[in-house]
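Index from 1, following the sequence. Counting starts at 1 for both ligands and their atoms, following the listed order.
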Amino acid sequence: MITVGEARSYVLAHCPVLPAVEVPAAAAAGRVLAAEVVAAEDVPPFANTAVDGYAVRAADVAAVPVELDVVDEVAAGRASDLTVAAGQAIRVMTGAPMPAGADAAVMVEDTERLDGGRRVRITRVASPGQAVRGVADDVAAGQVVLTPGTVVNGPVAGLLASVNARTVRVVPPARVAVLSTGDELVDDGRPLAPGQIRESNRTMLVQCVADAGATPVDLGIVPDDEDRLAEVLAEAAEQCDAIVTSGGVSMGDYDVVKAVLSRLAEMRWMQIAIKPAKPFAFGVIGPRRVPVFGLPGNPVSSLVSFELFARPGLRRMMGFTAIDRPTAPAVADSAIRRRPDGKTHYARVVVRLDDDGRLHAVPVAAQGSHQLAATAQANGLAVVPDGDGVPAGGEVVVVVLSLA
Ligand code: AMP
Ligand code: MG
């Protein structure tokens with residue numbers, strides 16, 4: 001048996017970052033930038049008012065109250081031709097360009113409208129520059145606004161739009177073939193014949209792949225037939241950037257995945273000192289050396305194996321710096337029981353951030369590697385070192401799958 005760390009390093013060493021592509025900014029959501037973004041324009045492009053109110057000369061409102069003539073009115077998107085002279089003001093709405101002559105804006109709350117709007121009384125003193133957003137206050141043309149490795153989330157997409165970056169260089173999403181193997185599997189809703197079960201792993205993994213930021217390519221159920229599996233894998237090795245299989249990598253007699261991948265790919269068949277997910281296969285297939293993740297068939301093992309090995313590998317390929325889930329110590333609110341067996345256990349837990357500012361974890365009731373129902377309630381994996389487990393109130397490191 002090898003450690004998680006060893007298996008993970010092996011995987012990552014064979015998951016190079018995909019070649020970058022230039023895409024329209026609108027198509028970059030969720031992607032990792034592969035090049036700097038340099039602003040082509042100043043933001044804001046002109047000095048403008050930060051408030052609804054009056055553009056004034058600060059010198060006129062050094063002492064209050066004071067009354068000024070209102071000589072014009074400017075909405076956002078317009079500009080005034082007039083210059084604010086001594087004793088004058090221009091009514092301005094948030095975002096309107098500062099009129100010439102004015103050097104401060106006074107918010108409407110600090111004013112009283114007089115003579116039907118022809119005059120205004122200002123009741124609070126203004127200082128030069130007050131409530132004015134200067135040109136390039138946010139971004140100056142020529143400035144590097146984003147660096148490689150940045151993930152394009154909502155604010156980043158907004159920034160790209162604000163500096164008029166029409167296209168960006170990004171690492172594309174990996175196209176990931178997902179397939180399950182097994183003659184016992186049924187996924188079309190028909191009544192189960194003796195020995196058959198419902199397919200769940202591929203359905204689960206398709207979503208896990210998407211959650212990792214990749215594009216799943218659902219190749220369905222492949223029967224335990226060597227020729228058929230070889231065909232599907234060869235096709236996937238041409239069309240996709242990675243392949244995730246579930247089932248057929250352990251010690252069973254009908255583990256055709258093992259037979260076929262041994263023939264078609266450079267595989268490493270691993271036994272990892274963890275529970276669940278001890279068997280795991282990884283290798284590269286075809287001239288493009290497409291990574292293949294051979295996950296075990298038991299649904300919970302499949303999930304844990306995906307989280308520990310496939311997800312970081314796929315995220316590495318897509319240029320993410322954060323390839324791993326966050327991991328943090330948690331208080332075990334109830335005991336996490338186990339016996340010494342030479343393995344690290346990844347117990348499925350419900351983890352939450354408590355009012356005490358700490359994470360608290362409780363194991364889900366059923367910890368069998370076939371018991372997906374209980375695992376579906378979990379949002380964390382408690383890393384329980386070899387030994388007798390963690391007592392209630394003890395501390396345990398948790399891989400946080402989600403927290404919201
Ligand atoms: P295997 O690794 O193929 O020997 O499968 C181990 C166990 O997982 C068996 O009980 C299989 O029936 C089950 N299994 C394998 N693949 C799937 C799948 N895609 N969905 C649900 N159960 C599966
Ligand atoms: Mg099988």
Side-chain angles (χ1 to χ4, degrees), residues 1 7 176-212 214 216-233 236 240 242-265 267-283 292-311 314 343 345-346 348 364 366-378:
M1 289 196 295
V176 183
V178 183
L179 60 96
S180 60
T181 62
D183 284 343
E184 73 278 29
L185 304 176
V186 169
D187 69 352
D188 60 4
R190 79 181 110 112
L192 297 174
Q196 290 184 327
I197 59 167
R198 304 283 174 203
E199 197 289 329
S200 59
N201 295 355
R202 178 189 105 248
T203 310
M204 167 178 78
L205 293 167
V206 160
Q207 185 158 341
C208 292
V209 163
D211 286 348
V217 179
D218 186 349
L219 298 185
I221 300 169
V222 182
D224 287 323
D225 173 286
E226 290 197 20
D227 292 342
R228 182 74 197 110
L229 182 60
E231 238 170 64
V232 171
L233 287 172
C240 295
I243 301 173
V244 174
T245 69
S246 99
V249 295
S250 47
M251 302 298 196
D253 285 347
Y254 295 90
D255 287 345
V256 297
V257 176
K258 203 162 191 170
V260 174
L261 280 178
S262 299
R263 193 147 48 75
L264 296 186
M267 294 301 292
R268 183 164 165 191
W269 304 91
M270 301 178 230
Q271 297 290 318
I272 302 168
I274 58 174
K275 184 181 174 182
K278 182 168 73 136
F280 169 63
F282 177 80
V292 186
F293 300 89
L295 311 182
N298 276 310
V300 178
S301 306
S302 227
L303 175 70
V304 170
S305 197
F306 180 87
E307 285 292 337
L308 297 183
F309 307 114
R311 189 176 184 279
L314 295 177
K343 299 179 197 162
H345 290 197
Y346 285 80
R348 276 75 64 210
V364 298
Q367 294 283 336
S369 63
H370 60 296
Q371 292 172 307
L372 190 56
T375 287
Q377 308 295 317

Self-check item: Proximity to ligand 1 by part of Arg198, non-hydrogen separation under 4.0 Å
Solution: backbone

Quiz item: Hey, looking at atom 3 (O) of ligand 1, which of Pro299, Gly248, Ser180 has the closest heavy atom?
Solution: Gly248

Self-check item: Pick from Ile197, Asp255, Val178: the one approaching atom 22 (N) of ligand 1 most closely through a non-hydrogen atom
Solution: Ile197

Quiz prompt | Nearest-0.5 Å distance that lies between atom CG in Leu295 and atom CG in Asn201 | solution = 8.5 Å

Quiz item: Roughly how far, to the nearest 0.5 Å, is CG of Asp218 from CG of Asp187?
Solution: 8.0 Å

Minimum-distance protein heavy atom relative to [atom]:
atom	result
atom 7 (C) of ligand 1	Asn298 OD1, 3.4 Å
atom 23 (C) of ligand 1	Gly297 O, 3.4 Å
atom 19 (N) of ligand 1	Glu199 OE2, 2.9 Å
atom 17 (C) of ligand 1	Asn201 ND2, 3.3 Å

Quiz item: What do you reckon, does Pro296 have a nitrogen or oxygen under 3.5 Å from a nitrogen or oxygen of ligand 1?
Solution: no

Exercise. Would you check the N or O atoms of Arg202, main chain and side chain alike, for any that come under 3.5 Å of an N or O of ligand 1?
Key: no

Self-check item: Greater than 12 external heavy atoms within 6.0 Å of Lys343's NZ
Solution: yes

Quiz item: Counting heavy atoms not belonging to Gln207, are there more than 12 under 6.0 Å from its CD?
Solution: no

Quiz item: Step by step, would you call Leu233 with Thr245 a side-chain contact (heavy atoms from CB on, under 4.5 Å)?
Solution: CA-CA 10 Å; Leu233 287 172; Thr245 69; 4.2 Å; yes

Quiz item: Which heavy atom of Ala242 sits nearest a heavy atom of Phe293, and at what distance?
Solution: CB-CE1, 4.4 Å

Quiz prompt | Over all atoms of both residues, closest heavy-atom pair of Trp269 and Val257 | solution = CH2-O, 4.0 Å

Exercise. May I ask you to list the atoms of ligand 1 that are less than 4.0 angstrom from any heavy atom of Gly247?
Key: 2 (O), 3 (O)

Exercise. With heavy atoms of Glu184 as the reference, note each atom of ligand 1 found under 4.0 Å away.
Key: 11 (C), 12 (O)

Quiz item: Are the aromatic ring centres of Phe309 and Phe282 under 6.0 angstrom apart?
Solution: no

Quiz item: Should Ser200 be listed as contacting ligand 1, given a heavy-atom distance under 4.0 Å as the test?
Solution: yes

